[in-house]
Enquirer: 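So that we are looking at the same thing, I have put the structure below in structure tokens.
It should be emphasised that the depicted structure is a prediction, and the values quoted were computed from it without experimental measurement.
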Amino acid sequence: MNAQSDVSKTNLVYRLRIFSNINSTSWVHTQKAFAEAESMEADAILIHLNTYGGQVLFADSIRTRILNSEIPVHVFIDNNAASAGALISIACDSIYMRPGANMGAATVVNQSGEEMPDKYQSYMRSTIRATAEAHGKDTIITANDTIVKWVRDPHIAEAMVDERVSIPGVIDSGKVLTFTALEAIEHGFCEGTANSVDEVIGLLKLRPHELKTFEPSFYDSIKGFVTSPVLQGILVLLIIGGLYFELQSPGIGFPLALAGVAAILYFAPLYIDGLAANWEILIFIIGLALIAVEIFAIPGFGIAGISGIILALTGLILSLLDNTNFDFSPVDTSAFLTALFTVFSGIFGGFILAIWLSQKILTTTQGPFSKLALQTSQPLEQGYVSVDSGMKALVGKTGRAYTVLRPSGRVEIDGQIYDARASEGFIDKDEPVLVTAFWSGQLVVRQKDE
């Protein structure tokens, strides 16, 4: 597996350092580093690894990128390759470990460290087993027998995930497998030990060499943060919540500005990265426009509103997928399901947040939300009167229509002008009227028969 070099050639070794938990930023760095290594025609990629694990989604993406790399990929475990780090390491063509380093313990856990249900473990077992199998096996023929020996034993790899796997001489049932450097060498999961990157390069027989190290830009780190599914869900939440509160208040204010900033943060890194195309952003904007037209211009809720919702959701989802225009063949099922979950979890969270904030704003009397809603009242015992109750005495009186009532207008009764509403049809100006009721501070009248 070691890369062989020509003594007359200087080998380019491209190093990618992963010294933190595996997350969206790690995946962004990996993609860019591998692309740079390929453009520079590097002879080998060396992952300098020290991690306690991270998110399975991004670990799986990184291990897939390693397995599909045309350039040999090696890893130097500089202390720890736990959980997601073990999966990434097993995907590499060769593994070197610092003396005292560890690799394994790949059981899927939640953020609290509790073991996830078996369906998650089953997926991880299959993934790490397939990763080990990808390195193939050797057929050893002796005088009396033929032995098939895996380069990386899938059964041992599975024991790093499932404590139920028992392998005589390797691990007892009831324990999750973790290798030391020497144990990993003994069982075929490490090619050797080294104390530095330079020693690893020597063991790979890549001297003379030039070492190029990936240096992420500020944008790479920001992009990794902004494109994480968790933050994208929060941004969708802010878009939905901001639009909801803007529709509940007159004018243009802070909620709309917040929704706009969230939309920019959602689409901008995806657009720069080539995921979000112009037409995907456009259908999102058209969707919002149709929803606004339905709310403000068309009574009820019909085709425009439903079409707007569909277009807005489609724009949000498609922006997360690596499709080429209308060609969705490169998009795998897991990426599509992740996009759906991200958008709909954000929408659900947005509605929950909107309901909670609405109640909080309307009921709180202290704290940061107390200034956002009117908390005072105007009780009758303090002299506050909403309407002139004396107008009830006008019920039964007659007068004339001072203006046309269609159905609201004004009437003249005993020489005084009052606001009124026709209870039946329209009433022309100067027609005689009869006051039939007093309701919501307004006289209710009907045309009086001559």
Side-chain angles (χ1 to χ4, degrees), residues 1-2 16-22 26 46-56 59-60 62-63 66-67 72-109 113 115-116 121-138 148-197 199-200 203-204:
M1 284 201 180
N2 293 349
L16 168 64
R17 291 176 292 199
I18 301 178
F19 293 160
S20 62
N21 285 347
I22 307 302
S26 307
L46 179 61
I47 298 177
H48 194 176
L49 182 68
N50 184 12
T51 181
Y52 286 104
Q55 299 178 44
V56 175
D60 183 41
I62 293 173
R63 74 108 195 180
I66 293 170
L67 292 175
V73 183
H74 314 281
V75 62
F76 173 40
I77 300 175
D78 197 352
N79 204 26
N80 290 296
S83 191
L87 177 65
I88 292 171
S89 299
I90 294 172
C92 294
D93 294 294
S94 62
I95 302 172
Y96 292 88
M97 301 174 69
R98 182 184 290 275
N102 298 280
M103 176 176 64
T107 302
V108 183
V109 298
E115 186 173 323
M116 296 291 283
Q121 311 304 337
S122 176
Y123 176 81
M124 188 61 169
R125 287 195 302 269
S126 173
T127 301
I128 202 167
R129 191 170 60 244
T131 304
E133 290 174 352
H135 294 289
K137 53 191 175 182
D138 297 324
V148 175
K149 186 178 185 304
W150 289 97
V151 175
R152 302 259 193 266
D153 192 327
H155 199 44
I156 292 178
E158 190 174 359
M160 294 183 181
V161 177
D162 193 347
E163 71 276 3
R164 295 170 297 183
V165 176
S166 176
I167 304 174
V170 180
I171 187 70
D172 296 327
S173 178
K175 297 178 181 179
V176 177
L177 179 61
T178 299
F179 277 146
T180 65
L182 294 180
E183 289 170 341
I185 292 173
E186 179 185 356
H187 298 290
F189 279 77
C190 179
E191 275 63 42
T193 58
N195 289 290
S196 66
V197 168
E199 284 189 31
V200 173
L203 292 170
L204 288 170

Enquirer: Just wondering, do Leu204 and His74 contact through their side chains at under 4.5 Å, heavy atoms?
Expert: yes
Enquirer: Can you give me the closest heavy-atom contact between Leu49 and Ser89, atom names plus distance?
Expert: CD2-OG, 3.3 Å
Enquirer: What are the two closest non-hydrogen atoms of Gly54 and Ala84, and how far apart are they?
Expert: N-CB, 3.8 Å
Enquirer: Under the rule for side-chain hydrogen bond (donor to acceptor under 3.5 Å, both in side chains), what residues qualify as partners of Glu183, not counting sequence neighbours?
Expert: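 Only Thr180 meet the side-chain hydrogen bond (donor to acceptor under 3.5 Å, both in side chains) criterion with Glu183.
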Enquirer: Which pair of non-hydrogen atoms, one from Met97 and one from Ile95, has the smallest distance, and what is that distance?
Expert: CG-CG2, 4.1 Å
Enquirer: Go through the structure and list residues passing side-chain hydrogen bond (donor to acceptor under 3.5 Å, both in side chains) with Ser83, not counting sequence neighbours.
Expert: none
Enquirer: Could you check whether any side-chain heavy atom of Leu203 comes within less than 4.5 Å of a side-chain heavy atom of Glu191, counting everything from C-beta outward?
Expert: no
Enquirer: Do the side chains of Leu46 and Leu16 get nearer than 4.5 Å, heavy atoms only?
Expert: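 No, too far: nothing below the 4.5 Å cut-off.
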Enquirer: When rounded to the nearest 0.5 angstrom, what is the spacing between CD1 in Ile22 and OH in Tyr52?
Expert: 13.5 Å
Enquirer: Can you sort out the partners of Asp78 under side-chain hydrogen bond (donor to acceptor under 3.5 Å, both in side chains), two or more places apart, ordered by chain and number?
Expert: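 For Asp78, the residues satisfying side-chain hydrogen bond (donor to acceptor under 3.5 Å, both in side chains) (neighbours in sequence not counted) are His48, Arg98.
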Enquirer: Is any side-chain heavy atom of Val108 less than 4.5 Å from a side-chain heavy atom of Met116?
Expert: yes
Enquirer: Checking Val75 against Tyr96 for the side chain to side chain contact (heavy atoms under 4.5 Å, CB included) test, could you report, in this order, the C-alpha distance in whole Å, the side-chain angles of both residues, the deciding distance, and whether it holds?
Expert: CA-CA 6 Å; Val75 62; Tyr96 292 88; over 6 Å; no
Enquirer: Show me the donor-acceptor pairs within less than 3.5 Å that the side chains of residues 124-131 make with the rest of the protein, sequence neighbours left out.
Expert:
from   : atom 1 : to     : atom 2 : distance (Å)
Arg125 : NH1    : Asp118 : OD1    : 3.3
Arg125 : NH1    : Asp162 : OD2    : 3.4
Thr127 : OG1    : Tyr123 : O      : 2.8
Arg129 : NH1    : Glu158 : OE2    : 3.3
Thr131 : OG1    : Arg63  : NH1    : 2.9
Thr131 : OG1    : Thr127 : O      : 2.7

Enquirer: Among all residues two or more places apart in sequence or in another chain, which pass the side chain to side chain contact (heavy atoms under 4.5 Å, CB included) test with His187?
Expert: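 Residues passing side chain to side chain contact (heavy atoms under 4.5 Å, CB included) with His187: Ile156, Val170, Phe179.
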Enquirer: For the backbone of Ile90 and the side chain of His135, can you confirm whether one donor and one acceptor N or O come within less than 3.5 Å of each other?
Expert: yes
Enquirer: How long is the straight-line distance from CD1 of Ile171 back to CE of Met160, given to the nearest 0.5 Å?
Expert: 10.0 Å
Enquirer: In sequence, state the C-alpha distance, the side-chain angles, and the governing distance for Ile167 and His155, and then conclude on side chain to side chain contact (heavy atoms under 4.5 Å, CB included).
Expert: CA-CA 8 Å; Ile167 304 174; His155 199 44; 3.6 Å; yes
Enquirer: I want to check something: taking the side chain as every heavy atom from C-beta on, are Ile47 and Val73 in contact at a cut-off of under 4.5 Å?
Expert: yes
Enquirer: Side chains of Asn80 and Thr51: closer than 4.5 Å at any heavy-atom pair?
Expert: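 SC-SC contact between Asn80 and Thr51 ruled out.
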Enquirer: Run the side chain to side chain contact (heavy atoms under 4.5 Å, CB included) test against Glu186 and tell me which residues pass, sequence neighbours left out.
Expert: none
Enquirer: Return the minimal non-hydrogen interatomic distance between Met103 and Ala86, and the atom names on each side.
Expert: CG-CB, 4.0 Å
Enquirer: Tell me the closest heavy-atom pair linking Glu133 and Pro154, and the distance in Å.
Expert: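 Nearest heavy atoms, Glu133 then Pro154: CG-CG, 3.3 Å.
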Enquirer: Less than 4.5 Å apart, any side-chain heavy atom of Ile66 and any of Ile88?
Expert: yes
Enquirer: Looking only at non-hydrogen atoms, find the nearest pair between Ile185 and Gly192 and report the distance.
Expert: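 The answer is CD1-CA, 3.9 Å.
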Enquirer: So Thr107 and Gln121, do their side chains get closer than 4.5 Å, heavy atoms only?
Expert: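 A side-chain contact exists here, since the closest heavy-atom pair is under 4.5 Å.
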Enquirer: List the residues meeting side chain to side chain contact (heavy atoms under 4.5 Å, CB included) with Ser166, not counting sequence neighbours, and say none if there are none.
Expert: Ser173
Enquirer: Tell me the salt bridge (Lys or Arg N to Asp or Glu O under 4.0 Å) pairs involving residues 169-178, sequence neighbours left out?
Expert: none
Enquirer: By side chain to side chain contact (heavy atoms under 4.5 Å, CB included), which residues pair with Ala82, not counting sequence neighbours?
Expert: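 Counting only residues at least two positions away or on another chain, Ala82 forms no side chain to side chain contact (heavy atoms under 4.5 Å, CB included).
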